[in-house]
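Chain A is the first sequence line, chain B the second, and so forth, proteins listed ahead of strands; every chain is numbered from 1.
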Amino acid sequence: MSEEKNTNTAPITMRALNGAVGRTAVWVSCWLIFELLALTVAMGWFDWMADVLQNRYAPGSLLNDLGANFRIDHRDSMSAASEYAAGLGAILAFIALLFGAFTGGGWLQVALERTEGRSLRRFFGGSARFFWRFLRLMFIQLLFLAFLGWVVYEMPWERFILGGLMGVPDGDYVSLETLDSEATVRTLTWVQDGLYAALFALVSSWSLYTRTRLALHDTKSALWAGLCTFATIFRNPIRTLRPLALLFCVDLAVVFLCGRALSIFSGELDADTGVATLVVIFAIGRVAVALRHLTRGARYYAAVHVSRELVRPIAKPDPWKESIGGPGGPRYPLGEDDEFAAMVRG
Amino acid sequence: MTSYTLIETMKTPITAASAALSAALLWCAPVLAQEVVRPPEKAMDDRSNFVTYDIRAVLDNEAKYLRGSETITWTNRSGETTKDLWFHAYLNAFSNNRSTHLIESGGKLRDTKVSNEWGWQWVRELKVDGESVIESFRYRLPDTQPSPDGNYVQNDDRTVFSVDLPKPVKSGETITIELEWESQLPRVRRRTGYKGDFYLNAHWYPKLGVLEGGEWNCHEFHRSTEFYADFGYYRVTLDLPREYLGEDGVLRVGGSGVASPKYEEKGQDRIEVYYEAPSQEDRATEDHLGHMPMIHNFTWTADPKFVVKEHTFTWKEWAEKHPEEVEIARAAFGPEVELELRDVNVKLLIQPERVEQAERHIRATEAALFFYGLWFGEYPYEEVTVIDPAWGGRAAGGMEYPTIFTCGTKLGTTPDMYVPESVTVHEAGHQFWYGLVGNNEFEAAWLDEGFNSYTDSEVLWREYGPQRRTTEYSRIFVDGRRMTGLPAGGKFGDWALARRWEIEGYPALKPMRSSGFLNLWRDQPWLTFQRAYDDPRWSDRGSFLRQPAGDPVDKHAWVYRDGLTYRSNSYPRPAVLLRTLKGLVGNDVFLRGMRHYSKVWRNRHPYTDDFFVAFQEGAGVDCQWFLEDAFRSVKQTDWGVTVSQSRASKPAGWFQVGNGPFKELAAGEEPESNTVYAGGQGEESAPDEGGETSPPWEVSILLSQKGEFCIPLPWEITYEDGTVERGVWTRAQQLKDNWFRMSFESETKVASVVLDPDSNYWIDTDMSDNQWYAEADEVTALRWSERVLSQWEHMLLWYMSVGG
């Protein structure tokens, strides 16, 4: 009991991470599914590479860097292998997009429930339950992004920022050669890309809270839930966005720590490298992906914690209000002609 | 006349003040002209004329307008008499979209459709020995073929003009030519012009063509080629607004040669800057190859924002940095050849935002001065000026002019990215190949671009090592590259992944648009990229193989099949061929040949045959067959090797001993005369530990060659016991058969067979089959497939996070 109390008073970010870690079956399943999806691309690449390598290169000589000559001599077939990967990858990316909408419901289902065990079953149950609502929400989200992208990258930016503020003539919006310096152009690029990245993050956060609201209230209208969520975030920007920002920092830390470790081990690769180093590199890569799946789950947990504090339950008629029965046992509705009711009422 | 009328109406932008000033200057030129200068060297061919230019020009910064006059003294050393004079008027390439240059480039200059801010040049007056010949002025089209009906299709090129001489000029005679001209400078979109207050004036004055054996070699300004002019001396006086003199008293102006004496103030708002190229001191000093320095063009730049940095290049500093290179050169040239190079002042005019890259520009320039000088003879001038063009003036970047050149860079780069190192070394290298050895770039661009591509890669490798590949996100460079492409799928992919939703008649929606920082997070380069490095010398091969056989190398620059073929044949292919030539004849011989060519043709105009002759003369080898095949044909080569080896089978069947009857061999029995068990050298094979003799290895090595370019090919067999065997598949053998088989028996298994084991030949179109290893590579495919796996895991994670 005391442990539960301590957990509840911990920062939301920690509670979220704790909750997601506890659903091992869920995030490991998500991770393994993605391993399998990506493996289909990697296997194609492996086949191509094993075919061109054969006995043609000194064993281990290309471990650290494929080298200019390999890239030159196999330019065409490498390009074909890359195109194949890109084509197959597009299909997988589409599946991933849908899978995101699907698994969002699953994470919310397990995060909203307090029961233990059978996580995976409830995860997939929740995924199926909310899928169509979340798909509609995804469509709204993409339209929203299209609008923001248009603002930041097209006519409004060109006319008001480039033309109005910076004095760039029409026709030079791409190369920006009329500006004074490269530093100015770089700053503009950073502002533009940074602004869009921030807006993208905001839209992602908004859609996360909207999904959570939909799940909490179990309502159907993605648009109405989105509008309500917008108001909630607007009123409570710190409380809603801080946990997600902190989880982003966790994600960032995972990326940089694993990236740094990969860099160290990859730098040591040469013809004398043992298989152990390759195994370590492989393991680090997988750990990074698994941890990123975990932080994704933690975002849902964080959204649930925050939403429970900020989103008021909606009033719904309780179908079991006029009922009777013990906890965990069957419940019976009370009606006018019910003998028990007549007895109770006297 | 039509053009005169046109130009009269366009010349109005010049302000009254500058017009008055320039009027005072015009026709003063003969008075101010330098003393008569005798040609410092005798002509050793029919095209080494001698020329001096005295140019005075006034810049109107508001109108971007130049008014100038020039006095040319020209000595005919062509061996023939001429009745006319031909000139370049390069600026007219930018006068309209009917110039040869704009037609060839599809109306675009470095990807910009030209629709305004044109430039042109009008020659108002031209006198020869005091007599006006402007009436005989006419434009020429030496390279443009007339249409069948006799009209020039669309072409209104005015980049070449001629005038008749009052009287023929015999070989050995000198004449004085005076010109008066006006120029509207173009917005710099290629080579020359302005951007704001920045100027790069490269082709800004009427320049004589080259008289060769009585015929004028004076081509139109083509898209891909432009240089050919007589060597000589220049004196240039520029009248500029005072803003080009910094408050610190330092000129924000650069030009060929040196500013000498630097400048004079003319009232409150003008300055006059003087240039001499080469400097008087240089003209009087013989270089260490025995030539008196001259130049063949004059270019100047100005920008009030320039930051000026200077550093002295010294032989001592660089020889101490690369002592092994000095030793190699010493061994190649012998002790009698002077290697020590003169001090050179490297003057850098750099944009203030890039000042932190100043040292890198200087280092790259000095690396070129050192290595090129070490191999091909010293840079003979006291100064070299390096220009970092203003933002928006990048079209002026990456160009070479005598004693001055332009670079090109970006913010946020590091030296191992080769930006700006690569372009700086290349353009500095042109001081040698183009500047000092002044081949006709119109007709044999490969003699400067190709030679320079070869040399710059050698320098970059020695000074900087491998080139790091990077990927750019929002103008930030990240180490490495993606293993495979991004999700594709065409229009369906665009729809499905929400990159572009488009319904005909409606604006396209781009929900998942490309954006630098987002792309960075999507790609996760720290977790998914492959680190990749390039050797610039092998990169030449990569570029060459993009178009390996479109045309022979030796061709006029504007008549290659297409732009890609021109580039391949002018830049990387000659570099690859020269590197192969070095592999063929050896480094020392190669260096001697190249240095001899450089020495013989310094301050002169070589063609392809001149190189062939001079190289073989200096190298002391006959390799005409290689030079012809390499530079005058489209011959290619692709060597390959296949190997099979297996244990010899145990003897079985009927064997004859001597002339006796055949006898069937019983199981386990040895034939009496057993040659099968003998090793490659006829030795008996040793019994193994069990007391039984292992059968030898039957080895079959097949060398093959596709293509017609045959070069003696070394091969190397390495056995498992470490024994190495080397040999050569000769050119004669290759010419006879395009395959060569070596079949033998060996006690020891073959571990590897490698063709060209010292990597001397760079022209093989596919090197992937040039080596064979008994042990297959088991782990490399796994290693790189893991990168692909990572890339797609994170890519899919990104798309999933968008979904929910």
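Residue contact with chain A, scored on non-hydrogen atoms closer than 4.5 Å, involves the backbone and the side chain of B/R546 alike. Contact of A/D251 with chain B is made through backbone and side chain together, with heavy-atom distances under 4.5 Å. For a residue to count as touching a neighbouring chain, one of its non-hydrogen atoms must lie under 4.5 Å from one of that chain's; by this rule B/A496 touches chain A with backbone and side chain alike. With a 4.5 Å cut-off on non-hydrogen atoms, B/V641 touches chain A through its backbone and its side chain both. Using a 4.5 Å cut-off between heavy atoms, B/A390 does not touch chain A at all. For chain A, the nearby parts of B/M767 are the backbone and the side chain; heavy atoms of each come within less than 4.5 Å. For B/Q771, the parts lying near chain A are the backbone and the side chain together; criterion is any non-hydrogen pair under 4.5 Å. For A/F256, the part lying near chain B is the side chain, with the backbone staying farther off; criterion is any non-hydrogen pair under 4.5 Å. When heavy atoms are compared at a cutoff of 4.5 Å, A/R186 approaches chain B by way of both its backbone and its side chain. Contact of A/Q141 with chain B is made through the side chain alone, with heavy-atom distances under 4.5 Å. Interface residue B/Q524: only side-chain heavy atoms are found under 4.5 Å from chain A. Interface remark: B/T409 contributes backbone atoms only to the contact with chain A (heavy atom separation under 4.5 Å). For A/E154, the part sitting under 4.5 Å from any heavy atom of chain B is the side chain, from C-beta outward, and nothing else. Interface remark: B/E353 contributes side-chain atoms only to the contact with chain A (heavy atom separation under 4.5 Å). Contacts of A/L269 with chain B are made by side-chain atoms alone, with heavy-atom separations under 4.5 Å and no backbone atom involved. With a 4.5 Å cut-off on non-hydrogen atoms, A/F102 does not touch chain B at all. Heavy atoms closer than 4.5 Å to chain B are found in the backbone of A/Q54, but not in its side chain. Within the 4.5 angstrom heavy-atom criterion, atoms from both the backbone and the side chain of B/K410 approach chain A. Neither the backbone nor the side chain of A/S79 comes within less than 4.5 Å of any heavy atom of chain B. Using a 4.5 Å cut-off between heavy atoms, A/R75 touches chain B through its side chain atoms alone. Using a 4.5 Å cut-off between heavy atoms, A/S204 makes no contact with chain B at all. Contact of B/M483 with chain A is made through backbone and side chain together, with heavy-atom distances under 4.5 Å. If you measure heavy-atom distances from B/T780 to chain A, the contacts under 4.5 Å come from both the backbone and the side chain. Both the backbone and the side chain of B/L411 have a heavy atom closer than 4.5 Å to some heavy atom of chain A.
With B/Q791 as the partner, the side-chain contact (heavy atoms from CB on, under 4.5 Å) test is satisfied by one option alone out of B/D523, B/L796, B/L527, B/T528: B/T528.
Under the 30°/60° scheme for interplanar angles, the aromatic rings of A/Y196 and A/Y153 are found to stand perpendicular. The aromatic rings of A/F70 and A/H74 are tilted relative to each other, their planes meeting at an angle between 30° and 60°. Below 30°, between 30° and 60°, or above 60°: for A/H293 and A/F34 the angle between ring planes is above 60°, a perpendicular geometry. Classification of the B/W501-A/F139 ring pair by plane angle, with boundaries at 30° and 60°, yields parallel.
Between chain B and the residues A/T178, A/V41, A/L278, A/L143, the most heavy-atom pairs under 4.5 angstrom are made by A/V41. Among the candidates A/G60, A/C30, A/S207, the residue making the largest number of heavy-atom pairs closer than 4.5 Å to chain B is A/G60. With respect to chain B, the highest number of heavy-atom pairs below 4.5 Å among A/L39, A/T184, A/D51, A/L66 belongs to A/L66. Annotation: maximal heavy-atom pairing with chain A below 4.5 Å, among B/N770, B/D769, B/L545, B/V643, occurs at B/D769. Taking chain B as the reference chain and counting heavy-atom pairs below 4.5 Å, the highest number among A/I281, A/L208, A/V185, A/L98 is found for A/V185. When each of A/V289, A/L53, A/L262, A/L145 is checked for heavy-atom pairs under 4.5 Å with chain B, A/V289 comes out on top.
A salt bridge links B/R537 to B/D535: at least one charged side-chain nitrogen sits closer than 4.0 Å to a carboxylate oxygen. Ion pairing of A/R286 with B/E786 is present here, as a side-chain N (NZ or NE/NH1/NH2) and a carboxylate O approach within less than 4.0 Å.
Taking all atoms of both residues into account, the shortest heavy-atom contact from B/Y773 to A/A58 is CE1-N, 3.2 Å. Contact detail for A/R71 and A/D65: the closest heavy-atom pair is NH1-OD1, 3.3 Å.
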Requested in this report: Begin with the C-alpha distance, continue with both residues' side-chain angles, and end with the deciding distance and a verdict on side-chain contact (heavy atoms from CB on, under 4.5 Å) for A/L36 and A/T40.
Outcome: CA-CA 7 Å; A/L36 287 174; A/T40 58; over 6 Å; no

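Between B/Y761 and B/W639, the gap from one ring centroid to the other is short of 6.0 Å. Taking the six-membered ring for Trp and the full ring otherwise, B/F517 and A/F200 have centroids separated by 6.0 Å or more.
Counting only residues at least two apart or in different chains, side-chain hydrogen bond (donor to acceptor under 3.5 Å, both in side chains) contacts with residues 92-107 of chain A comprise A/T103-A/R296.
Annotation: residues 87-95 of chain A contacts chain B through A/G87, A/G89, A/A90, A/L92, A/A93, A/F94 [non-hydrogen atoms, separation under 4.5 Å].
Both the sub-6.0 Å distance and the 45° axial angle are satisfied by A/R292 relative to the ring of B/W521.
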